[in-house]
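Okay, structure first, notes after.
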Amino acid sequence: MIKLLLASLVAVSLIQAKELNTQMQEFMNTLKVEAKKDNPNFTKFDYARGEKIFTTEHIGKKGELISCVSCHTSNLSNKGRNEHTNKVIEPLSPSANAKRFTNVKDVKKWLRRNFNDVYNREGTAQEKGDVVTYIINKG
Ligand code: HEC
């Protein structure tokens with residue numbers, strides 16, 4: 001029964017994340033299982049919730065107003081600029097930058113760091129899944 005449930009979860013995630021490589025699909029699937037564990041009413045990751053996470057400003061560690069947009073801009077096909085170091089950041093959208101969302105280790109590392117920059121805490125599984133769903137579908 002559990003095997004069947006897992007198999008159907010994998011099948012659903014394959015349909016929703018068909019442009020992601022296997023490694024990333026597995027990551028998204030792990031987030032989905034965790035999100036469901038945290039919240040039994042969770043059904044799927046949501047673009048609109050992800051957009052809100054990406055665009056809403058919060059007070060950062062230095063008392064500054066900061067959002068994901070501050071460094072990545074609101075056009076994810078454009079280059080951004082790191083608010084803290086002033087270094088150029090290549091586009092976040094996988095349609096503009098083929099390297100994006102190909103290496104799970106990088107994605108995990110930067111989600112952890114960037115959620116901390118903006119929200120002063122790590123994102124939940126649902127928040128991470130929502131924001132990735134937003135970024136990969138916005139184009
Ligand atoms: C202070 C600047 C800054 C802020 C704010 C910021 N980021 Fe980033 N982000 C970076 C940098 C720097 C990198 C790593 C350099 C690179 O990958 O080009 C990065 C990389 C990423 C990656 C890695 C993508 C990949 O495939 O490697 C993701 C995903 C990401 N950011 C999402 C977010 C989200 C979501 C937020 C808001 C919660 C956010 N970022 C806020 C600077 C920032």
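All ligand and atom numbering here is 1-based and tracks the order in the structure. Residues: numbered from 1 along the sequence shown.
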Which of the numbered atoms in ligand 1 are below 4.0 angstrom from a heavy atom of Val107? 25 (C), 26 (O)
For ligand 1, which part of Arg100 has a heavy atom less than 4.0 Å away: the side chain, the backbone, both, or neither? both
Using the salt bridge (Lys or Arg N to Asp or Glu O under 4.0 Å) criterion, which residues pair with Arg49? Sequence neighbours excluded. Asp130
Within the stated cut-off of 2.8 Å, is an N/O/S atom of His72 closer than that to atom 8 (Fe) of ligand 1? yes
Just jot down the ligand 1 atoms closer than 4.0 angstrom to any heavy atom of Ser67, in number order. 5 (C)
So which protein heavy atom does atom 26 (O) of ligand 1 come closest to, and at what separation? Phe101 N, 2.8 Å
When Asn103, Val107, Thr102 are each screened for side-chain contact (heavy atoms from CB on, under 4.5 Å) with Met24, the one that passes is Val107
Contact partition for Ile66 relative to ligand 1, non-hydrogen atoms under 4.0 Å: side chain
Could you tell me if the side chain of Val132 sits less than 4.5 Å from the side chain of Phe101, heavy atoms only? yes
Around atom NZ of Lys79, are there more than 12 heavy atoms from other residues, nucleotides or ligands closer than 6.0 Å? no
Ion pair check, Lys32 and Glu26, cut-off under 4.0 Å: no
Give the numbers and elements of all ligand 1 atoms closer than 4.0 Å to a heavy atom of His84. 1 (C)
Name the option, out of Cys71, Ser70, Gly50, that contains the heavy atom nearest to atom 1 (C) of ligand 1. Cys71
Just to be sure I read this right, does ligand 1 sit under 4.0 Å from the backbone of Trp110, its side chain, both, or neither, counting only heavy atoms? side chain
Closest to atom 12 (C) of ligand 1 (heavy atoms only, candidates Thr55, Asn82, Asn116) is Asn82
Per-atom contacts, ligand 1 versus Val131 - under 4.0 Å to a heavy atom: 35 (C)
Any idea which protein heavy atom is nearest atom 31 (N) of ligand 1, and the distance to it? Asn114 OD1, 2.6 Å
Are Leu92 and ligand 1 in contact, using a heavy-atom cut-off of under 4.0 Å? yes
Do the side chain of Thr55 and the main chain of Glu51 share a donor and acceptor less than 3.5 angstrom apart? yes
Cys68 heavy atoms, cut-off 4.0 Å: which ligand 1 atoms fall inside? 34 (C), 35 (C), 36 (C), 37 (C), 38 (C), 39 (C), 41 (C)
From the list Lys109, Lys108, Lys128, salt bridge (charged side-chain N to carboxylate O under 4.0 Å, His left out) partner of Glu122 resolves to Lys128
Testing Asn78, Ile135, Asn97 for side-chain contact (heavy atoms from CB on, under 4.5 Å) with Leu92, which one passes? Ile135
Atom 42 (C) of ligand 1 [closest protein heavy-atom partner, distance rounded to 0.1 Å]: Ile89 CD1, 3.6 Å
Does the Ser70 side chain pair with the main chain of Ile66, one donor and one acceptor, at a distance under 3.5 Å? no
Could you tell me whether the side chain of Tyr119 and the main chain of Ile53 form a donor-acceptor pair under 3.5 Å? yes
